[in-house]
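Before any comments, here is the structure.
Computed from a prediction, not measured in an experiment: that's the story for all the values here.
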Amino acid sequence: MTLLQNFQTGIRYSAGSLRELILERQESRFCRLAERDGEFLIDPVGALSRAGEELLWDRGDREMYLGFVKELGATDVQGQLEHIAMYQGLLAPRLEQAQIEARQKSKISVALGLFAGVAMSLLLL
């Protein structure tokens, strides 16, 4: 979500090229990996796509990301802003679900840690 917001800001205020946007957003793992791609200067969209394929494990997330990246730089400024806004709306439910899953998994981790501690204590007695 942060990457989308950063791209949106960069497009809105500087109307920079996709290469410039990627280079300006080196705090993003996707942008850092894309910039290191050997074909970045020739094909920044392809470099971003390959970065997403490497970083995203979930098939649904990867497909969503690749759909987003595929259309970057394909239209005028207004079209790009609308494209980003559309994907922000599409990603919001996925983000909520991921946050719920993360909370559930952290609760399980805490419970397993407590159980392991109790088990070790009983074994030591």
Side-chain angles (χ1 to χ4, degrees):
M1 231 19 174
T2 303
L3 180 62
L4 272 69
Q5 291 168 338
N6 287 338
F7 277 175
Q8 187 177 43
T9 302
I11 290 169
R12 179 175 286 133
Y13 295 110
S14 70
S17 71
L18 184 56
R19 275 188 285 282
E20 293 168 340
L21 291 172
I22 293 169
L23 290 172
E24 291 170 0
R25 274 130 193 99
Q26 291 297 298
E27 70 277 0
S28 164
R29 292 174 53 200
F30 295 97
C31 291
R32 279 194 311 269
L33 194 55
E35 190 261 331
R36 292 181 189 133
D37 187 286
E39 297 189 22
F40 168 70
L41 294 174
I42 300 165
D43 183 17
V45 171
L48 270 179
S49 294
R50 288 184 289 279
E53 288 172 355
E54 186 173 328
L55 293 173
L56 296 170
W57 297 84
D58 181 78
R59 183 176 172 215
D61 290 344
R62 191 177 323 112
E63 288 175 3
M64 179 90 58
Y65 174 83
L66 293 175
F68 167 70
V69 169
K70 181 178 157 184
E71 299 297 323
L72 278 177
T75 60
D76 64 351
V77 171
Q78 187 59 37
Q80 291 299 293
L81 294 174
E82 290 171 3
H83 175 72
I84 291 170
M86 179 184 76
Y87 271 90
Q88 285 174 325
L90 292 172
L91 284 173
R94 290 189 71 84
L95 180 59
E96 283 182 44
Q97 184 62 35
Q99 289 170 336
I100 290 168
E101 289 175 11
R103 280 193 297 273
Q104 291 171 344
K105 288 178 182 176
S106 71
K107 289 178 185 177
I108 290 171
S109 296
V110 169
L112 287 174
L114 288 172
F115 176 73
V118 170
M120 288 298 289
S121 297
L122 291 174
L123 286 174
L124 293 174
L125 291 175

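Not a single side-chain hydrogen bond (donor to acceptor under 3.5 Å, both in side chains) links R29 to another residue, sequence neighbours left out. Partners of E54 by side chain to side chain contact (heavy atoms under 4.5 Å, CB included), not counting sequence neighbours, listed by chain and number: L33. Residues forming a salt bridge (Lys or Arg N to Asp or Glu O under 4.0 Å) with R94 (at least two apart in sequence, or on another chain): D58, D61. Partners of L81 according to the side chain to side chain contact (heavy atoms under 4.5 Å, CB included) rule, which considers only residues two or more places apart in sequence or in another chain, are Q8, I11, R12, V77, Q78.
A34 and A51 get closest at one heavy-atom pair: N-CB, 4.0 Å. Considering all non-hydrogen atoms of both residues, S49 and V69 come closest at OG-CG1, 3.5 Å. The two residues L91 and M64 come nearest to each other via the heavy atoms CD2-CG, 3.6 Å. The two residues F30 and L48 make their nearest non-hydrogen contact at O-CD2, 4.0 Å. Closest non-hydrogen pair, R19 versus F40, comes out as O-CZ, 3.8 Å.
One distance of note links CZ of R25 with CZ of R32; it measures 14.0 Å at 0.5 Å rounding. Separating the CG atom in L18 from the CD atom in Q80 is a distance of 8.0 Å, to the nearest 0.5 Å.
Residues F68 and I84 are in side-chain contact: their nearest non-hydrogen atoms beyond the backbone lie under 4.5 Å apart.
Counting only residues at least two apart or on different chains, no salt bridge (charged side-chain N to carboxylate O under 4.0 Å, His left out) pair has a member in residues 70-82. Listed by first and then second residue, the salt bridge (charged side-chain N to carboxylate O under 4.0 Å, His left out) pairs involving residues 34-51 are D37-R50 (not counting sequence neighbours).
In the hydrophobic clustering of this structure, I42 does not group with L23; members are Ile, Leu, Val, Met, Phe, Trp, Tyr whose side-chain heavy atoms approach within less than 4.5 Å, directly or through other members. Put simply, I22 and L41 are part of the same group of oily side chains (I, L, V, M, F, W, Y) that touch within less than 4.5 Å, one to the next.
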